[in-house]
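Keep in mind that the numbers below use all heavy atoms, side chains included, and drop hydrogens, waters and symmetry copies. Order of the sequence lines sets the chain letters (A, B, ...), proteins ahead of strands, with each chain counted from 1.
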Protein chains: 2
Amino acid sequence: MAKRAEAEKEPSRAPRRTDSLSRELIVRTAIELLDDGGEKALTLRALTVRLRTGYGAIYHHVTDKGDLLTAATDDIITRVLAEVVPDTDPRQALRRVAVGLFDAIDAHPWVGAGLSREPWRPAMLNFYESIGRLLEALAVPERARFDAAGTLVNYVLGVAAQNAANARDRAGDDTDKAAFLENAAARWAELDPARYPFVHAAVTQLREHDDRKQFLAGIDIFLTGITALRPPTTAPDTAPGTAPQHPTPNR
Amino acid sequence: MAKRAEAEKEPSRAPRRTDSLSRELIVRTAIELLDDGGEKALTLRALTVRLRTGYGAIYHHVTDKGDLLTAATDDIITRVLAEVVPDTDPRQALRRVAVGLFDAIDAHPWVGAGLSREPWRPAMLNFYESIGRLLEALAVPERARFDAAGTLVNYVLGVAAQNAANARDRAGDDTDKAAFLENAAARWAELDPARYPFVHAAVTQLREHDDRKQFLAGIDIFLTGITALRPPTTAPDTAPGTAPQHPTPNR
DNA sequence: CACCACTTTGGATCGCCGATCCATCCATGC
DNA sequence: GCATGGATGGATCGGCGATCCAAAGTGGTG
């Protein structure tokens, strides 16, 4: 609750800060820069300018630029996962978790690249853990659960990477998402229909394309595929919550 | 022996020295550098050294470093897609295409990042096109085909991004893939089993983890889900659980 | 209150990168 | 021949991440 150095115009070159720097403040500022100008807007120089400090002060709290990026990504992800509302239906809960991550990456496209870079970070472990438990609730047998969780994570990361790439390309021109799609559709429409019948025919759907809806369609495809992994038990199946056993292998 | 090879179709624009620089040679050398030392080994300086030339000569054939990376990626992908053997069974053919891309990215991990960066490149169009046709052969209705193809592509890209990240992290220490997995497993094993039951239990499977097998398991999950998109013509209603009726709100 | 060891800060500096610019060189057309 | 213009090699620029160090504050000790 100290006085925030929000005053901008003051050219007085403070010999030293009065309120101390902290790793958290640095990470928060880094997130601002990233949200404002994309992944390449986060430079040490920009950080020193916005924080009115020097390189040494920053490197005293942060080991690396990669460390900074990772911390920013962790911050976003943990916040998102904490906000996901639980649901009794595991299928719906899985959708919630996935779409929560999707929305977060849509709002902060740089997170996509960060997630792909280090998918084993603590923040992602919570993601894995949530998915794993929900798969168990869906009666996916344990041996298949690991593969299924990895598949879902990979799918989300793939969409994230595409979103991040699209957003990066849209940066610069402030054209809308629709204009970008229109541009892509126009390019695709120019293709030779004989050589590319599918892509050419897809132009119509591309024009009314909705990233989020397509993402959800993919999630539903995945969920349908997952359901088939349930063991063909002799008992009347399709009863939710009938996890037959709980091996809990010690180690 | 004169090195006059590569009969050019345009003699009027013959380069000064046929054995001299060309865009193709530059791209090939770039691929060598990338395969040898990873993504960050491709520097203009390294290129000038290996090609025994200067910056200007390179920039005369290549507009940008991004252009160079894109060209290298396109080169790998087109070569891979050309080598995929066709198959009469569309399901098997889809697996072939996907696993061909997987193997290529496994051999050249830097391709993963390149693919995610610009997924609409001509090389990827062929990928989309192949998948689209095979989905048609699978009797996926046209409206759902586009989403299904996007889902598959996103999944492959997600795996690609992860592979690239893992390979990038392994670079530096020449430890084997197994050692890397062992390291990750050890870290995961230290987790609190109460807070992370799923991840903790997954350690066993992580130790005997096989990227390729898990990738194929994911492909099968998606293929199973996609197959369910077929209109219920003759088959009995498979009733994929509590999946919504897919109301398809027209606009 | 005086002293000093230690922490935190600010900025000069280094090496490397991508990109640009320009003088030179040489195959070819006149 | 010889001028022309594309192709070439390298000097150079601005910006980046990272390192290093002196100055400025902080707290403990007598």
TODO: Could you tell me the separation between the CG atom of Leu25(A) and the C1' atom of dT9(C), rounded to a whole number of Å?
DONE: 14 Å

Open item on the list: Atom CD of residue position Glu182(A) - does it have more than 12 heavy atoms of other residues, nucleotides or ligands inside 6.0 Å?
Closed with: yes

- [ ] Specify the separation, in whole Å, of atom CG of Asp67(B) and atom P of dT20(C).
- [x] 13 Å

Task: Nucleotide-resolved protein contact map, nucleotides 10-17 of chain D, B/S/- at heavy-atom distance under 4.0 Å - done: BB----SS

Open item on the list: More than 12 heavy atoms of other residues, nucleotides or ligands under 6.0 Å from CZ of Arg45(B): yes or no?
Closed with: no

Task: Neighbour count >12 (heavy atoms, 6.0 Å) for atom CZ, Arg187(A) - done: yes

Open item on the list: Take a 6.0 Å sphere around CZ of Arg50(B) and say whether it holds more than 12 heavy atoms from other residues, nucleotides or ligands.
Closed with: yes

Open item on the list: If you take the centroid of each ring, where Trp contributes its six-membered ring, are Phe222(B) and Tyr155(B) closer together than 6.0 Å?
Closed with: yes

- [ ] To the nearest Å, give me how far apart CG (Leu51(A)) and C1' (dT8(C)) are.
- [x] 15 Å

TODO: Send over the distance from Arg23(B) CZ to dA7(D) P, rounded to a whole Å.
DONE: 14 Å

- [ ] Quickly work out the His60(B) NE2 to dG5(D) P distance and round it to whole Å.
- [x] 14 Å

Open item on the list: OP1 or OP2 of dT8(D) versus the side-chain N and O atoms of His61(B): is any pair under 4.0 Å?
Closed with: yes

Open item on the list: In whole Å, I'd like the distance from the CD1 atom of Ile58(B) to the C1' atom of dT20(C).
Closed with: 14 Å

Task: With sequence neighbours excluded, residues passing side chain to side chain contact (heavy atoms under 4.5 Å, CB included) with Val84(B) - done: Arg96(B), Val97(B)

